[in-house]
Every structure is written in structure tokens, then in C-alpha cells.
Amino acid sequence: MSALPLRVSRLTGARLADGRLVDVELDGDRVSAVSPAGGAGDTADAADAGATLDLDGFVLLPAPAEPHAHLDKALSWDLIEPPMGDLERAIESWVAYTATMTEESIAERAEAQVLAMVQRGTTAIRSHVDLLRTGDPLRGVRALVGVRERLAGIVDLELVALASSEASDAVVEGALDLGVDLVGGAPHLAPEPLADLRRLVAIAERRDVGADLHTDESLHGPLTIVEFARLVRGWSRNASAGHCVRLGTLPLDELAEVVAEVAASDLGVISLPITNLYLQGWDDPVATPRGLTALRALLDAGVRVGAGADNVRDPFNPVGRSDALETASLLITAGHLTLTEAYDAVSVGARDVMRLPDARIAPGSAAEFLAVRATGLADAVASGPVGRLVIHRGRLVSRTVATTETAVPARRSAPLSLPPSVPLEQAS
Ligand SMILES: [Zn+2]
């Protein structure tokens, strides 16, 4: 039987991303103090104090948040065996398969996917859920609402009703009635993108909930984000746009005008590099575009930017490690963000887009942490180490311990060194 979750009151000897070595005190689900390591002594004297975790050898990071998942689709690749291809082809494979899905089968895959993400450090997930076109349109919603209840102690799960243009207003509102948090959709796929966009925003306004729309997920298709930004201007509700691939194709002068509209509405943008890299560019065999949104322009304009992994092992992306460190790595190599920008996008940036409480390693912040067995942030993102501790709401909810044995030949008595006269290129 697992001893987890385990309430934690103190983390000692933690290396932070900026290199500092600190002790961190927790008070319930909040950080109460951060001080230089070893300075405060053992203060765990209260009778009801939680555990002290020794983080020697770990880097301590704000926990990742996943701002755009599809838990109802996850882990279906092997069941569907779809052909590889672009977004349209993936939708075709997926929709054909949905007819076979039961509430139970959806819940089973979704729960496995949530656990994989939590084990790698993600403590908050926003998942879209399809309003299905065959049978009970809300069985995916019922499945994910059930998973959210079951796993409430280890992860915060937010749900978005993903409405195609064929889903009626009544079905979208039925999903909200069942406990879905936000209105979603993909207006760029609708026969009349702007009309579908206006319909979805109107439902969100009528029900006083946020909206998170798949937006302009193509290299050559419609550009709806300006209208989305204008429609939600002045909103106090949460509004965010996922993908925004088309934004990344605009000439710089046009891009500046569009980004200004996005910034003026405080519309959050969610970048999803792994799925964009997979689904985009199939028609461009030469100088194939990457399909990512205009990350640099958005960050420079002060737009709230988060990043996620989107699909995991389904017709929309056959691979994926359920690991925010993989997304951060892709933001560096495919999106040209710095190491710090990349990790921010999958952690504090993602939480900001989701309007979750700030979770930094600072007094007053939410106690949401990922500790990775690594020498620093660069090592963590580059290597994606297996050894991890995951803290959610001040409690240890997952621990992965790895043991490695390697047949390394014994060292010779004197260390190997090249004679100084031998040029390096001749050394063998
Ligand atoms: Zn999506």
C-alpha cells in the first residue's frame, strides 16, 4: 500500500533553477519561507508537522501545468492504428473510432494518462473533451468528470467542452450542466469560422464561463484570432487561444497588428509544439514549416503564453512522453525560446493562462513542486531524468526512484591522458 499522499512541511538542500541552494518551509498548501540551505536549522518541532524531504541532488522547480490536453483521446493510437498524416486525416480516424467508445473505456485511458502526467510532475491539467457525434454526445464528458472526482487529491483537472460546429448549443450547455468549466471549439474548422466563433463566445457569455478555443490550427487557413480577441475584450472571464499556428506564418508587419489585438484583450495563447510539429507541414516536403505560433512576438508584447503537450499517442500525435520537460525542450529547439522562457511556459506561464494561483518558489505561493534528480534546470530539460518527486497542495503525491547499473570498465591505475605532443585530430 502506498504511503502517499504525504504531507510535507519542509524541503531541505534544494537547488533552484537560478543556482541557489535553499530550504523551503511549507504551511499547508502554501510556501511560508525560503531561506539559504542549512541556515534555519531543524524547525520541524510542531507535533502535527509534516515530513521533511531531503532534496540533496535534486533541482526544485515550480510544478508544470498542462494547459491543453485531450484526455479522452489519449493512448488510443495502438487501438486505432490510424495512418500517419495531417489534422484532417487525424480527425477522420478519430471520429470513426469514437462510435466504439464507452464511458468506461474513455475513463480508463484518461485516468492512465493523468497518472502518467502526475508521475512526471504535472499537478494541474486543462483537458478538452469531445462532444461526440454518435450515440450519447456527453459520454466523454461524464467519463472525464468522473476521473476528475476520483483523482481530485492528486491533480487539479479543468475541463473544456470541445464543440464542433455540428454540436448544438443545447449539447454544449448540457456539458456545462455536467460540470465542464469552459466552452471550447475549433472555429477554424467550421464551414463559417467567424459565425461559429461568435456562437461559442455567445454561449460562454450566456453561461458566464471562460472560453478556450482551438484557434487557427493551420498554415494556410483562416485567421480568426483577431475577431476572438475583439469579442472577449473587457472580459473578466478566462479566455485563451490554443495552437495559433497561422499566427506564426504572418509577415512581421501584419503580425505586429494582430499581436497588438491579442495583447489588448489579455487573451492567453497556448503553444503546443509537439502536435504542431507532427500535424503541420505535410504538404510542404521542402523547407517544411514547423507550425509553431509566433512565440517571440507574443512574449515581446507581454501576452500571457503557456505551452503544453496536447495529444499523447492518439491519431493527432503518435508519440509524446506525458512530460512537460519534453515540451520545454521542444520550445527551445523548435521555438527558439531560452531555457528559462521554455520552462516558464510549461509551468508558471501555463498556470497564468489557466488563471490558477501563482506557484513559484517564494513565500505565499501555492506549494506545487517538481523536484528532479538533476544538477540544474538545463540538465533537467536536456536529460528528462526519471527520478522525480511531485508535490501538489503541499503533499507528496508521486515519487519515482530510479536505479542504474552499468558495466563500466575499472579505471587503470593512472588516469588516461594524451601525450602533449599528439595533436587532437590524430588521437584515437
Ligand atoms: Zn487540442
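Hydrogens, waters and symmetry mates are skipped; everything else that's a heavy atom, side chains included, is used. One-based numbering along the sequence shown. Start at 1 and go down the list; that is how both ligands and their atoms are numbered.
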Sole residue of Leu295, Val258, Val226 in side-chain contact (heavy atoms from CB on, under 4.5 Å) with Leu247: Val258
Listed partners of Trp235 passing ring-ring contact (aromatic ring centres under 6.0 Å, His included), at least two apart: none
For Asp379, give me all partners under side chain to side chain donor-acceptor pair (under 3.5 Å), at least two apart in sequence or on another chain. Thr375, Ser383
Within less than 2.8 Å, report the number of protein N/O/S atoms around the Zn ion (ligand 1). 3
Count the heavy atoms belonging to other residues, nucleotides or ligands that lie under 6.0 Å from CZ of Arg360, then report whether that count exceeds 12. no
Does the Asn317 side chain pair with the main chain of Thr275, one donor and one acceptor, at a distance under 3.5 Å? no
Selection residues 250-262 - residue pairs positive for side chain to side chain donor-acceptor pair (under 3.5 Å), sequence neighbours left out: Arg230-Glu261, Arg233-Glu261
